[in-house]
Amino acid sequence: MIVTIDGVAASGKSSVASGVARALGIPYVSSGFLYRAATLLALEAGLPPSDPAPLLALLRGRPLRLEPLAGGNRVWQGERDLTPGLHSSRVDAGVSAVARLPEVRAWVDEELRALPEPFVAEGRDMGTNVFPHADAKFYLTASPRVRAERRAQERGEDAGTVEAALIERDRRDAAQSAPAPDARVIDTGPLTLEGVIGAVLAALPARTA
Ligand SMILES: Nc1ncnc2c1ncn2[C@@H]1O[C@H](COP(=O)(O)OP(=O)(O)OP(=O)(O)O)[C@@H](O)[C@H]1O
Ligand SMILES: Nc1ccn([C@@H]2O[C@H](COP(=O)(O)O)[C@@H](O)[C@H]2O)c(=O)n1
């Protein structure tokens, strides 16, 4: 059983996926962690963002392992836990260029499709490209301002600066960020986090709840 939760930057995908997965007693998979990990390694190695060959060689030479847990994901490269370095403004600024590379997308898709079911998968294209036959699909959205205020509070940053960065990341991610035709679209702006989780759980088909 697979439930997909896609959406724009800072729309609440990870938080909602975690709450839904916890309620269902299954893990959640954060596809963005793999793109962020690839970006972190590329930045550390000083690799050119537009050339996939050295990055793929690095990723295949020392494979990453995504550990989906109900409480959150971790990404390992051997014994090194990359997770603490994934959610920085530096990675935020560079990840879209890495995620634009078809070879990197193919690598992520291969990693995700190898994971054992059941799980909740969150990202941008889970319900459209990676898991088109998922049992239930959701797409989260909210205004840039609402998302910026939430992210700014989370990171202790200026909301105006965060809003500009989110709008730019949404623009860069547009190619892979459309909702699936059969996804239920939820505007999280008027809802609490618990309200969004409850709306997703209530909309699940009987066989998945
Ligand atoms: N409905 C909501 N009401 C209030 N706060 C929310 C809601 N949904 C999410 N949040 C908060 O907004 C922030 C961003 O949420 P989250 O990290 O889950 O978004 P995301 O879509 O996974 O972000 P990214 O695309 O950067 O990975 C978090 O602090 C989260 O707790
Ligand atoms: N399915 C996905 C997931 C993510 N991306 C790219 O990774 C960036 C980070 O994702 P978060 O969910 O952690 O914010 C995102 O901005 C995209 O560039 C993707 O392309 N496809």
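Just follow the structure's listing: the first ligand is 1, and inside any ligand the first atom is 1. Bear in mind that the values here come from a model prediction, so they are computed numbers and not experimental data.
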Backbone N or O of Ala142 within a donor-acceptor pair of the Arg147 side chain at under 3.5 Å?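 Confirmed, Arg147 side chain pairs with Ala142 backbone.
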
Specify the protein heavy atom at minimum distance from [atom]: its residue, its atom name, and the distance to 0.1 Å.
atom                    : value
atom 3 (C) of ligand 2  : Ser31 OG, 3.4 Å
atom 12 (O) of ligand 2 : Arg124 NH1, 2.9 Å
atom 18 (O) of ligand 2 : Asp173 OD1, 2.7 Å
atom 21 (N) of ligand 2 : Arg105 NH2, 3.0 Å
atom 6 (C) of ligand 2  : Ala99 CB, 3.7 Å
atom 13 (O) of ligand 2 : Arg36 NE, 2.6 Å
atom 1 (N) of ligand 2  : Asp125 OD1, 2.8 Å
atom 5 (N) of ligand 2  : Tyr35 CD1, 3.5 Å

Tell me the contacting part of Gln176 for ligand 2: side chain, backbone, both, or neither, using a 4.0 Å heavy-atom threshold, strictly below.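 It is the side chain that gets close, since no backbone atom is under 4.0 Å.
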
Would you kindly confirm whether [X] and [Y] end up in one hydrophobic cluster when ILVMFWY residues are joined by side chain heavy atoms under 4.5 Å apart?
X      : Y      : result
Leu58  : Leu82  : yes
Leu101 : Leu40  : yes
Val185 : Phe131 : no
Leu166 : Val98  : no
Val146 : Phe138 : no

message: So if I only count non-hydrogen atoms and take anything under 4.0 Å from ligand 1, which residues does that give, chain by chain?
response: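 Ligand 1 pocket, heavy atoms under 4.0 Å: Val8, Ala9, Ala10, Ser11, Gly12, Lys13, Ser14, Ser15, Arg36, Arg124, Arg150, Arg151, Glu154, Arg169, Thr188, Leu191, Thr192, Leu193, Val196.
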
Sequence-distant partners of [X], side-chain contact (heavy atoms from CB on, under 4.5 Å), two or more places apart:
X      : result
Glu154 : Arg151
Ser31  : Leu112, Met126
Ala152 : Ala159, Val162

- Query: Any idea which of Leu112, Asp109, Val95 brings a heavy atom closest to atom 8 (C) of ligand 2?
  - Reply: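 Ranked by closest heavy atom to atom 8 (C) of ligand 2, first place is Val95.
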
Fill in: side-chain hydrogen bond (donor to acceptor under 3.5 Å, both in side chains) between Thr188 and Arg150, intermediate numbers included
CA-CA 11 Å; Thr188 70; Arg150 292 169 178 172; 2.9 Å; yes

Taking only heavy atoms of [X] into account, list the atoms of ligand 2 that are under 4.0 Å away from them.
X      : answer
Gly32  : 3 (C), 4 (C), 10 (O), 13 (O)
Arg169 : 9 (C), 14 (O), 15 (C), 16 (O)
Met126 : 1 (N)

Quiz item: Would you say Leu59 and Leu64 make side-chain contact, with heavy atoms under 4.5 Å?
Solution: yes

